[in-house]
Amino acid sequence: MASPTMVGVATSAHLHTTTTGRLSCACAPPTRGTRRRRLAVAVRVRVRASASEAMATEKLGVRVERNPPESRLSELGVREWPKWGCEKSKFPWTYSAKETCYLLQGKVKVYPDGAGEDFVEIAAGDLVVFPKGMNCTWDVAEAVDKHYKFE
């Protein structure tokens, strides 16, 4: 399904998204060179849509989705999850269950055991998934306030 940004770009190029997600043109038959330009616009539209959908990354077993849209947070029910917070600190943690959390504020470096000096940095606006069984150290640089859910 087309994102609002994708629809705006596609409409300006006289392209429309079909129910299958393909782009089509509902205007006059193309003149010489027009089809190639429309195809180039369609490819750029698809790349932009893919880039916005692929905002999640995984590093050292931790999945981070930066600034997910409110629709995604609503779909997950994030605002209904319990909240947890802490001040600037450093402490070990073990995930006895998979945790999904959404940081409302704060900045943390998470150092998974066995990763040496490598870390995952998370901050306000991140939707994060920690795997069950992960042992790590949380280095809280800025006080954290988050919604969380264990599965």
Side-chain angles (χ1 to χ4, degrees), residues 1-25 37-151:
M1 176 156 249
S3 69
T5 303
M6 187 172 132
V7 171
V9 172
T11 302
S12 67
H14 302 288
L15 295 171
H16 306 281
T17 305
T18 64
T19 55
T20 62
R22 296 181 183 260
L23 294 172
S24 65
C25 180
R37 282 191 300 274
R38 287 188 185 139
L39 180 57
V41 169
V43 168
R44 282 194 306 268
V45 168
R46 278 281 169 223
V47 169
R48 285 182 190 158
S50 297
S52 66
E53 293 166 2
M55 293 173 57
T57 59
E58 187 167 327
K59 181 179 176 185
L60 303 173
V62 179
R63 186 176 187 275
V64 180
E65 192 173 334
R66 307 254 183 234
N67 298 307
E70 188 59 40
S71 59
R72 171 104 167 98
L73 300 176
S74 294
E75 173 186 302
L76 295 171
V78 168
R79 306 281 184 210
E80 306 304 316
W81 297 350
K83 287 177 75 178
W84 177 85
C86 74
E87 297 299 318
K88 184 176 176 178
S89 56
K90 188 172 185 177
F91 56 91
W93 188 254
T94 298
Y95 289 92
S96 57
K98 174 181 160 184
E99 179 188 354
T100 303
C101 65
Y102 177 69
L103 274 76
L104 299 166
Q105 68 178 37
K107 187 180 279 187
V108 181
K109 288 182 181 176
V110 179
Y111 293 86
D113 287 2
E117 295 299 313
D118 209 0
F119 61 88
V120 178
E121 189 164 30
I122 59 175
D126 289 347
L127 181 66
V128 186
V129 179
F130 295 99
K132 177 180 179 179
M134 173 179 262
N135 295 308
C136 61
T137 298
W138 270 51
D139 187 356
V140 180
E142 294 176 16
V144 169
D145 186 23
K146 71 175 185 172
H147 285 286
Y148 70 94
K149 177 182 178 184
F150 285 106
E151 296 176 29

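Atoms NE2 and SG, on His147 and Cys101 in that order, are 11.0 Å from each other to the nearest 0.5 Å. Distance CH2/Trp93 to CG/Asn135: 11.5 Å, rounded to 0.5 Å. For the atom pair Lys83 NZ and Asp145 CG, the distance stands at 4.0 Å (nearest 0.5 Å). Atoms CD and NZ, on Glu121 and Lys59 in that order, are 9.0 Å from each other to the nearest 0.5 Å. The structure places OG1 of Thr100 at 7.5 Å from CG of Leu76, a figure rounded to the nearest 0.5 Å.
Pairing each heavy atom of Arg63 with each of Ala56, the nearest pair is NH2-CB, 3.3 Å. Heavy-atom minimum distance, Ala123 versus Arg66: N-NH1, 4.5 Å. Across all their heavy atoms, Pro112 and Asp118 have their closest contact at CD-O, 4.1 Å. Contact between Val129 and Lys98 at its shortest, heavy atoms only, is CG1-CE, 3.6 Å. Between Val108 and Trp138, the shortest heavy-atom contact is CG1-CE3, 3.6 Å. Heavy-atom minimum distance, Leu104 versus Ala124: O-CB, 3.6 Å.
Two residues are said to be in side-chain contact when any heavy atoms from C-beta on lie closer than 4.5 Å; Arg72 and Met55 fail this criterion. Taking 4.5 Å as the limit, some side-chain heavy atom of Met134 sits within range of a side-chain heavy atom of Val62. No side-chain heavy atom of Phe119 sits under 4.5 Å from any side-chain heavy atom of Leu60.
Under a cut-off of 6.0 angstrom, the local environment of CD in Glu70 is crowded, with over 12 non-hydrogen atoms contributed by other residues, nucleotides or ligands. Enclosure of atom CD in Glu151 by more than 12 non-hydrogen atoms of other residues, nucleotides or ligands within 6.0 angstrom is indicated.
Below 30°, between 30° and 60°, or above 60°: for Phe150 and Tyr95 the angle between ring planes is between 30° and 60°, a tilted geometry.
For the side chain to side chain contact (heavy atoms under 4.5 Å, CB included) with Val64, the lone residue among Leu127, Thr57, Val110 that qualifies is Thr57.
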I'd like to know whether Arg79 forms a side-chain contact (heavy atoms from CB on, under 4.5 Å) with Leu73, so could you lay out the CA-CA distance, the side-chain angles of the two residues, the decisive distance to 0.1 Å, and finally the verdict.
CA-CA 7 Å; Arg79 306 281 184 210; Leu73 300 176; 3.7 Å; yes
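Counting only residues at least two apart or in different chains, side chain to side chain donor-acceptor pair (under 3.5 Å) contacts with residues 102-115 are absent.
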